Asker: 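Quick one: structure below, then a few questions.
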Amino acid sequence: MKIATWNVNSVLARLPQVVRWLEAASPDVLCMQETKCVDEKFPGEEFARLGYSSESFGQAAYNGVAILSRVKCEEVRRGMPDDEPGAQSRVLAATIGGIRIVNVYIPNGQAVGAEKYFFKLEWLKRLRAFFDSCYQTTDRVLLCGDFNVAPEDRDVHDPEVWRGRILFSEPEREALAKIRSWGLVDAFRMHNSEDKQYSWWDYRAGAFRRNLGLRIDHVWVSEPLARQSASVVIDKEPRRWEKPSDHAPVVAEFTT
DNA sequence: ATGGTAGATACTCTA
């Protein structure tokens, strides 16, 4: 079972790259973030042609999450239980092959101290409460997506530059650690302990060419699923293509 | 060097 997460930065603008990657990598499941596309415009037929059913939870211009799957998604949930009506589309959950997959696009936060920063911290708190109320650590649970937080120093190209800044500030990392302490393991770190393993590089200033990135896209799993974790890799290849997303796919394989 | 790039939308915001 191969489950991938990828912030595609517009599923419509990225359609050729996503199709190309699906053909090459052939995952069973692809969780996408920042689809930036309402459900009516989601290119489900293009993915159906490749053998994927799709679930989209989008909105115009910003945010939006979607799940592509070789088999049909069960128990699909859109948003968190305490979302206000009209809340931003950032959570899409589905059960696939007995695994509860929770696909999230965690708020970016813009800048430490900004209004959006406090929205991010509050949102992370609600995500933990969502797990407390809806899921059990004894189940096979997988939380993945663009977390917009680098958990450790080794996940940041220059920790001294990034310390105290958005995506790496202490309150963000603490809020994320609180979610992890529900009963999740960073599946990537089960298999890779090296630094300089990034999933996102700014479009600007030749960041990718110089490998000035952050590891902010994650696959976290509950203990029963951790026991089935065979590998997790960041696929940098599509970041080298024409018109790339600024994020690379993260691909997790599980024994069945 | 407080820049730089990209996407969606509509004369700017978000990342």
Side-chain angles (χ1 to χ4, degrees), chain A residues 5-21 30-44 46 56-66 83 86-92 103-124 127 144-151 155-169 171-173 175-176 198-218 234 236-250:
Chain A
T5 178
W6 192 8
N7 178 325
V8 295
N9 186 15
S10 172
V11 68
L12 294 173
R14 213 67 61 215
L15 193 54
Q17 290 82 355
V18 176
V19 165
R20 180 179 171 187
W21 186 78
L30 173 60
C31 295
M32 292 187 279
Q33 303 85 38
E34 275 204 274
T35 52
K36 297 185 174 179
C37 165
V38 292
D39 297 344
E40 297 73 46
K41 288 185 183 170
F42 188 83
E46 313 279 341
S56 163
F57 181 41
Q59 68 181 78
Y62 307 113
N63 311 313
V65 280
D83 272 349
Q88 299 173 359
S89 301
R90 294 182 176 278
V91 175
L92 181 61
N103 174 21
V104 296
Y105 175 46
I106 292 176
N108 171 283
Q110 200 164 53
V112 172
E115 203 175 311
K116 289 186 173 68
Y117 178 73
F118 298 110
F119 173 76
K120 178 182 195 173
L121 294 178
E122 193 57 36
W123 198 95
L124 286 164
L127 183 62
C144 72
D146 178 358
F147 288 17
N148 267 317
V149 181
D155 300 316
V156 177
H157 68 86
D158 190 340
E160 296 323 311
V161 163
W162 281 88
R163 210 170 299 286
R165 301 176 78 144
I166 197 67
L167 311 181
F168 195 56
S169 75
E172 292 169 78
R173 294 159 74 188
L176 201 64
Y198 310 128
S199 66
W200 168 80
W201 303 259
D202 199 297
Y203 282 122
R204 298 164 289 191
F208 181 67
R209 183 175 45 79
R210 300 190 286 156
N211 197 28
L212 305 181
L214 268 62
R215 193 175 71 91
I216 57 175
D217 300 88
H218 304 288
I234 300 169
K236 286 171 74 169
E237 191 55 33
R239 189 63 177 77
R240 298 186 186 100
W241 296 345
E242 286 286 304
K243 273 178 73 75
S245 167
D246 45 351
H247 296 251
V250 182

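Just so it is clear, the values below take in all heavy atoms, side chains as well, and ignore hydrogens, waters and symmetry mates. In the text below, chain A, chain B and the rest are named by the order of the sequence lines, each starting its count at 1. The structure displayed is predicted, hence computed values, not measured ones.
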Asker: Write down the distance separating the P atoms in B:dG4 and B:dT9, rounded off to the nearest Å.
Answerer: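 That atom pair is separated by 25 Å.
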
Asker: Whole angstroms only, please: what is the CG-P distance between A:Asn108 and B:dA6?
Answerer: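 The answer, rounded to whole Å, is 18 Å.
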
Asker: In whole Å, I'd like the distance from the CD atom of A:Gln33 to the C1' atom of B:dA15.
Answerer: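 The answer, rounded to whole Å, is 14 Å.
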
Asker: What's the CZ-P distance between A:Arg239 and B:dA6, to the nearest Å?
Answerer: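 Spelled out: CZ on A:Arg239 to P on B:dA6 is 9 Å.
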
Asker: Rounded to the nearest Å, what distance is computed from the CD1 atom of residue A:Ile216 to the P atom of nucleotide B:dA15?
Answerer: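 About 12 Å, once rounded to whole Å.
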
Asker: Report the residues that fulfil ring pair (Phe, Tyr, Trp, His ring centres under 6.0 Å) with A:Tyr62, sequence neighbours left out, ordered by chain and then residue number.
Answerer: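 Result, ring pair (Phe, Tyr, Trp, His ring centres under 6.0 Å) vs A:Tyr62: none returned.
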
Asker: Could you tell me whether the side chain of A:Asp39 and the main chain of A:Gly58 form a donor-acceptor pair under 3.5 Å?
Answerer: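 It does hold such a pair.
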
Asker: The criterion is side chain to side chain contact (heavy atoms under 4.5 Å, CB included); which residues satisfy it with A:Arg173, sequence neighbours excluded?
Answerer: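 Expected list: A:Val149, A:Asp153, A:Arg163, A:Phe168, A:Glu170.
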
Asker: Is any side-chain N or O of A:Arg14 closer than 4.0 Å to OP1 or OP2 of B:dG7?
Answerer: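 It does, given that an N or O in the side chain of A:Arg14 lies less than 4.0 Å from OP1 or OP2 of B:dG7.
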
Asker: Starting at atom NZ of A:Lys120, determine the distance to atom C1' of B:dT14, rounded to an integer number of angstrom.
Answerer: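 Spelled out: NZ on A:Lys120 to C1' on B:dT14 is 13 Å.
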
Asker: Taking atom C1' in both B:dG3 and B:dA8, what distance in whole Å separates the two?
Answerer: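 To the nearest whole Å, 23 Å.
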
Asker: Report the distance from atom CH2 of A:Trp200 to atom C1' of B:dT5, rounded to the nearest whole Å.
Answerer: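 It is 11 Å, rounded to the nearest whole Å.
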
Asker: With heavy atoms under 4.0 Å as the rule, sort A:Tyr105 into base, sugar-phosphate or nothing.
Answerer: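 Result for A:Tyr105 = sugar-phosphate.
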
Asker: Expressed in angstrom and rounded to an integer, what is the separation of A:Trp241 atom CH2 from B:dA6 atom P?
Answerer: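 After rounding, the gap between these two atoms is 18 Å.
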
Asker: If you assign each of A:Asp146 and A:Asp202 to its closest nucleotide in DNA chain B, which residue comes earlier from the 5' end?
Answerer: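 With A:Asp146 and A:Asp202 compared, the 5'-side residue is A:Asp202.
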
Asker: Is there side-chain contact between A:Arg20 and A:Pro238, with heavy atoms separated by less than 4.5 Å?
Answerer: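 Not touching, per the 4.5 Å side-chain cut-off.
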
Asker: Would you call the rings of A:His247 and A:Trp200 parallel, tilted or perpendicular, taking 30° and 60° as the class edges?
Answerer: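 The rings of A:His247 and A:Trp200 sit tilted, inter-plane angle from 30° to 60°.
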
Asker: Pairs under 3.5 angstrom, nitrogen or oxygen only, protein versus nucleotides 8-13 of chain B, please.
Answerer:
residue: B:dA8; atom: OP1; partner: A:Ser10; partner atom: OG; Å: 2.1

Asker: Closest heavy-atom contact between A:Asp146 and A:Asn148?
Answerer: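 Heavy atoms of A:Asp146 and A:Asn148 come nearest at OD1-N, 3.0 Å.
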
Asker: Map A:Pro244 and A:Gln110 onto DNA chain B by nearest heavy atom, then report which one ends up closer to the 5' terminus.
Answerer: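 Closer to the 5' end of DNA chain B: A:Pro244.
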
Asker: If I take atom CZ in residue A:Arg90 and atom P in nucleotide B:dT14, what distance separates them, rounded to the nearest angstrom?
Answerer: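 Rounded to whole Å, this separation is 11 Å.
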
Asker: Can you give me the closest heavy-atom contact between A:Phe208 and A:Trp201, atom names plus distance?
Answerer: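 Smallest heavy-atom distance, with atoms named: CD1-CD2, 3.4 Å.
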
